[in-house]
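Single-structure report; data block below.
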Amino acid sequence: VTLGPLLIGIYVFVLASFVGFEMITKVPPTLHTPLMSGANAISGITIVGAIASATTGAPTVANILGALAIVTAMINVVGGFLVTDRMLRMFGKKK
Amino acid sequence: MSHEVIKSTLVPIIYLLSTVLFIFGIKRLSKVKTARQGNTLAAVGMLFAILGALLELGTVDYRWIVGGMALGAVIGAVFAIRVQMTAIPEMVALQRLRRHRIGSGRDFGLLAVGCRNWCNHDSLRNAWNR
C-alpha cells in the first residue's frame, strides 16, 4: 500500500487528535494556565513557514510579509516560553 | 553532506525530533513537579524546528530572516517581562484562592469570626441598645 500525501495527512491528523486528547486529560487545575500558555508558545511553530517565505534580500511584497510573519511568530515563541517559565518559577517558590 | 541529502533526510529527522520534544514537553507541563522542565523541553523543540527550517533553505539571503527574528525576540522578551509585572497580583490571588479552598470549613469559620466581630462593633451595639 502506498499512501498519497492526502492520506498521510489524514493519518497524522487522526493520530495527533489522540495524542492531543491523551496529553490534556488529568491535568491539575493549577496547571491549566501554564499549560495553555506553553501550548500557545508551541503554536509559534508557524515560524517554520514564515522562514520559508522570506528568502530573498529584495524588499518585495512577499519578502516583507514573510519578515512580518517571522517577527510576529518570534514574539509568540520568545514571549510565550518566557511567560510560561516565569509563571512556573513563581509557582515553584510558593510550593 | 550535500544540500539534497540534508533536505531529504536530515531536516525531516530534525522536524520529527522537535515534534517528539513538543509532545514530551506538553506531557511534562501537565505535572507540577516536571512543569518547568517540560517548558524547557518544548523550547528546545522550537529551537530544533527553527534550525531545521534554516537548514532546509540552504544558502539564501538571511538578512530579512535574522532581522525579523531579532526584532521579534526583543519584542517578545519585553512583552514577557512587562506582562509579568501586571499579571503577578491576579496570579497570586488565584493561587491563594485555590490554596484556601473557598467554601471549605475554614472559610465558614472565618466568616463566622467576621460576623462575630461585626456584631460586637460598638456602633452596632449602641444601635442595638438604643
Closest contact, heavy atoms only, [X] versus [Y]:
| X | Y | result |
| --- | --- | --- |
| B:G68 | A:V71 | O-CG2, 3.4 Å |
| B:S30 | A:P28 | O-CD, 3.3 Å |
| A:G79 | B:A80 | O-CB, 3.8 Å |

Less than 4.5 Å apart, side chain to side chain, heavy atoms only: is that true for [X] and [Y]?
| X | Y | value |
| --- | --- | --- |
| A:V48 | B:Y15 | yes |
| B:N39 | A:M87 | no |
| B:L29 | A:L88 | yes |
| A:I64 | B:W64 | yes |

Under a 4.5 Å heavy-atom cutoff, which of A:G38, A:A41, A:G44, A:A52 has the most pairs with chain B?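 Maximum pair count with chain B is reached by A:G44.
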
For the candidates A:V27, A:L31, A:I47, which exhibits the highest count of non-hydrogen atom pairs separated by less than 4.5 Å from chain B?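 Going by pairs under 4.5 Å, I would pick A:L31.
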
Item to complete: Decide yes or no on side chain to side chain contact (heavy atoms under 4.5 Å, CB included) for A:I51 and B:E56, but give the supporting numbers first.
Response: CA-CA 10 Å; A:I51 285 173; B:E56 197 175 357; over 6 Å; no

I need the residue from [options] with the largest number of non-hydrogen atom pairs under 4.5 Å to chain A.
| options | result |
| --- | --- |
| B:G45, B:S18, B:A35, B:G25 | B:A35 |
| B:I65, B:V60, B:I75 | B:I65 |
| B:I50, B:T19, B:L54 | B:I50 |

Spatial distance of atom CG (A:L35) from atom NZ (B:K31) [nearest 0.5 Å]:
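So the gap between those two atoms works out to 11.0 Å.
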
Hey, any chance [X] and [Y] share a hydrophobic cluster, counting ILVMFWY side chains that come within less than 4.5 Å of each other, even indirectly?
| X | Y | value |
| --- | --- | --- |
| A:V78 | B:F22 | yes |
| B:L16 | A:L3 | no |
| B:L41 | A:V77 | yes |
| B:M46 | B:L71 | no |
| B:L51 | A:I70 | no |

[X] versus chain A, heavy atoms under 4.5 Å apart: side chain, backbone, both or neither?
| X | value |
| --- | --- |
| B:M69 | both |
| B:K33 | neither |
| B:I23 | both |

Would you say the side-chain atoms of A:D85 pair up with the backbone N or O of B:R36, donor to acceptor, closer than 3.5 Å?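 Answer holds: no.
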
Original post:
Yes or no on side chain to side chain contact (heavy atoms under 4.5 Å, CB included) for B:F79 and A:L82, after CA distance, side-chain angles and deciding distance?
Top reply: CA-CA 9 Å; B:F79 171 77; A:L82 279 181; over 6 Å; no

Could you go through residues 13-25 of chain A and list every donor-acceptor pair under 3.5 Å that involves a side-chain atom there, pairing it with any protein atom two or more places apart or in another chain?
from  : atom 1 : to    : atom 2 : distance (Å)
A:S17 : OG     : A:F13 : O      : 2.8
A:T25 : OG1    : A:F21 : O      : 3.4
A:T25 : OG1    : A:E22 : O      : 3.0

